[in-house]
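The structure under discussion appears below in the form of structure tokens.
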Amino acid sequence: MSSVSQALTTQAKGSTAPGGIVVQGLRKVYGQGDTAVEALKHVDMVVGPGEVVGLVGPSGSGKSTLLKCLGAIIEPTAGRMVLGGKTIYNGQWATKDLRSLRRDNIGFVFQAPYLIPFLDVTDNVALLPMLAGLTNAAARARALELLAELDVAHRAQAQPSELSGGEQQRVSIARALANRPTVILADEPTAPLDGERALAVMRILNRMALQSQAAIIVVTHDEKIIPTFKRIYHIREGRTVEEAGEGRSLE
Ligand SMILES: Nc1ncnc2c1ncn2[C@@H]1O[C@H](COP(=O)(O)OP(=O)(O)O)[C@@H](O)[C@H]1O
Ligand SMILES: [Mg+2]
């Protein structure tokens, strides 16, 4: 039995705590007719709660498409996606309210931190919890707690433009974690950072995965961080192959 069908069977029996990511037979075709591009042909993937996996593949192989499908940013063409024990897509979306689905379940970390330039560091992190219904004070408290965990509490009142690249990336990770997502999707999060900063980001993501039992997918080309993954999915021409990684220690 494949690990995907095993995971689905286990979830169906309800014998494990719900969590993680299950992708089964995911397909995505952009456009129609002569100009159609089949970006994902058949993708299977399982990421357990608390696990960090790498997603590696050449340019154009479908990495961003897969993350966008999982993040409910674009709609797949076929297949199934389960996040945190809930089927979110099975030939069609399980809900019409994709905005809430994203806000409450998914944290995004991008290569460029995309911080909001006219909000200070605390408000950048507090914004999503506020939109999710926390009071101003509770959202700011949550933001300060995360900034402390990520060693950037001393920059809480700074403007994003005053931060170094590494500090901006840590603030963007704090923002991704602010709503306690069950799933974190990171697209080349260490690309602009030097070796030590890149490993620091991976250390943080691994710690956060353990603490909050989030399932984390990191798209990367970065040779500095690839040896840190215990498991890697290679994607080629829209299909995934799973492989054991070195799992080099970060602590
Ligand atoms: N919006 C789009 N419309 C049409 N084709 C697209 C679109 N986005 C991506 N593609 C195509 O889908 C394939 C996979 O792209 P992408 O997921 O961006 O790959 P990667 O992130 O691995 O570089 C490529 O052939 C790309 O040209
Ligand atoms: Mg891409």
Side-chain angles (χ1 to χ4, degrees), residues 1-26 43-57 62-64 66-72 79-89 102 104-110 146 149-150 173-174 176-190 198-222 224-235 239-251:
M1 199 193 276
S2 75
S3 53
V4 171
S5 43
Q6 250 163 15
L8 286 169
T9 312
T10 322
Q11 292 213 336
K13 284 184 198 150
S15 57
T16 53
I21 300 167
V22 180
V23 175
Q24 191 179 38
L26 203 70
V43 169
D44 288 336
M45 195 168 193
V46 182
V47 188
E51 192 183 17
V52 182
V53 304
L55 177 61
V56 179
K63 303 181 297 294
S64 294
L66 175 55
L67 280 205
K68 286 180 200 161
C69 288
L70 277 168
R80 183 169 178 207
M81 302 191 288
V82 183
L83 300 188
K86 281 181 287 192
T87 297
I88 63 157
Y89 180 89
R102 282 195 291 269
D104 299 337
N105 299 284
I106 302 158
F108 295 97
V109 180
F110 301 101
L146 279 166
E149 275 174 36
L150 295 171
I173 292 171
L177 296 166
N179 281 342
R180 304 179 200 281
T182 46
V183 168
I184 295 171
L185 305 172
D187 203 346
E188 304 264 3
T190 62
L199 290 175
V201 165
M202 289 309 297
R203 190 174 303 127
I204 288 162
L205 288 175
N206 276 276
R207 253 185 233 157
M208 295 296 149
L210 279 180
Q211 263 177 37
S212 59
Q213 289 298 295
I216 305 186
I217 300 176
V218 180
V219 167
T220 191
H221 290 104
D222 190 342
K224 303 186 292 289
I225 68 166
I226 286 176
T228 71
F229 296 107
K230 291 195 186 76
R231 268 191 331 121
I232 295 173
Y233 283 90
H234 288 271
I235 182 164
R239 290 175 199 274
T240 38
V241 180
E242 186 191 336
E243 188 185 83
E246 278 182 54
R248 200 176 286 172
S249 168
L250 283 155
E251 299 295 339

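Just so you know, residue 1 is the first one in the sequence shown, and it goes up from there.
Scanning all heavy atoms of the two residues, the minimum distance from Ile106 to Leu70 falls at CD1-O, 3.7 Å. Considering every non-hydrogen atom in both Leu146 and Ala178, the closest pair reads CD1-CA, 3.5 Å. Across every non-hydrogen atom of Glu51 and Ala209, the tightest pair is N-CB, 4.4 Å. Residues Gly25 and Asp44 share a closest heavy-atom pair of N-OD1, 2.8 Å. Nearest approach of Arg80 to Thr87, heavy atoms of both residues: NH2-OG1, 3.0 Å. Counting all heavy atoms, side chain and backbone alike, Tyr233 lies closest to Val46 at OH-N, 3.1 Å.
Within the 4.5 Å cutoff, side-chain heavy atoms of Val218 are placed close to those of Leu205. Within the 4.5 Å cutoff, the side chain of Ile217 has heavy atoms near those of the Met45 side chain. With a 4.5 Å cut-off on side-chain heavy atoms, Ser64 and Asp187 count as touching. In this structure, the side chains of Thr220 and Ile226 come closer than 4.5 Å at one or more pairs of heavy atoms. Taking the side chain as every heavy atom from C-beta outward, Leu210 and Asn206 never approach each other to under 4.5 Å.
Atoms CG and CZ, on Leu55 and Phe229 in that order, are 9.0 Å from each other to the nearest 0.5 Å. Separating the CD atom in Glu149 from the CZ atom in Arg207 is a distance of 9.5 Å, to the nearest 0.5 Å. The CG atom of Leu185 sits 5.5 Å away from the CG atom of Leu67 when rounded to the nearest 0.5 Å. The CE atom of Met208 sits 8.5 Å away from the CD1 atom of Ile184 when rounded to the nearest 0.5 Å. Atom CD1 of residue Ile173 and atom CZ of residue Phe108 lie 15.0 Å apart, to the nearest 0.5 angstrom. Glu242 CD to Ile232 CD1: the interatomic distance, rounded to the nearest 0.5 Å, is 10.5 Å.
Under the 3.5 Å distance criterion, the side-chain polar atoms of Asn105 are left unmatched by any main-chain donor or acceptor of Pro181. No donor-acceptor pair closer than 3.5 Å links the side chain of Thr240 to the backbone N or O of Ile235. Counting only distance, with no hydrogens or angles, the side chain of Arg203 and the backbone of Leu250 share a donor-acceptor pair below 3.5 Å. One N or O on the side chain of Arg102 and one on the backbone of Ala72 form a donor-acceptor pair closer than 3.5 Å.
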**Request:** Please step through salt bridge (Lys or Arg N to Asp or Glu O under 4.0 Å) for the pair Glu188 and Lys63, ending with a clear verdict.
**Result:** CA-CA 10 Å; Glu188 304 264 3; Lys63 303 181 297 294; 5.5 Å; no

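Partners of Glu246 by salt bridge (Lys or Arg N to Asp or Glu O under 4.0 Å), not counting sequence neighbours, listed by chain and number: Arg248.
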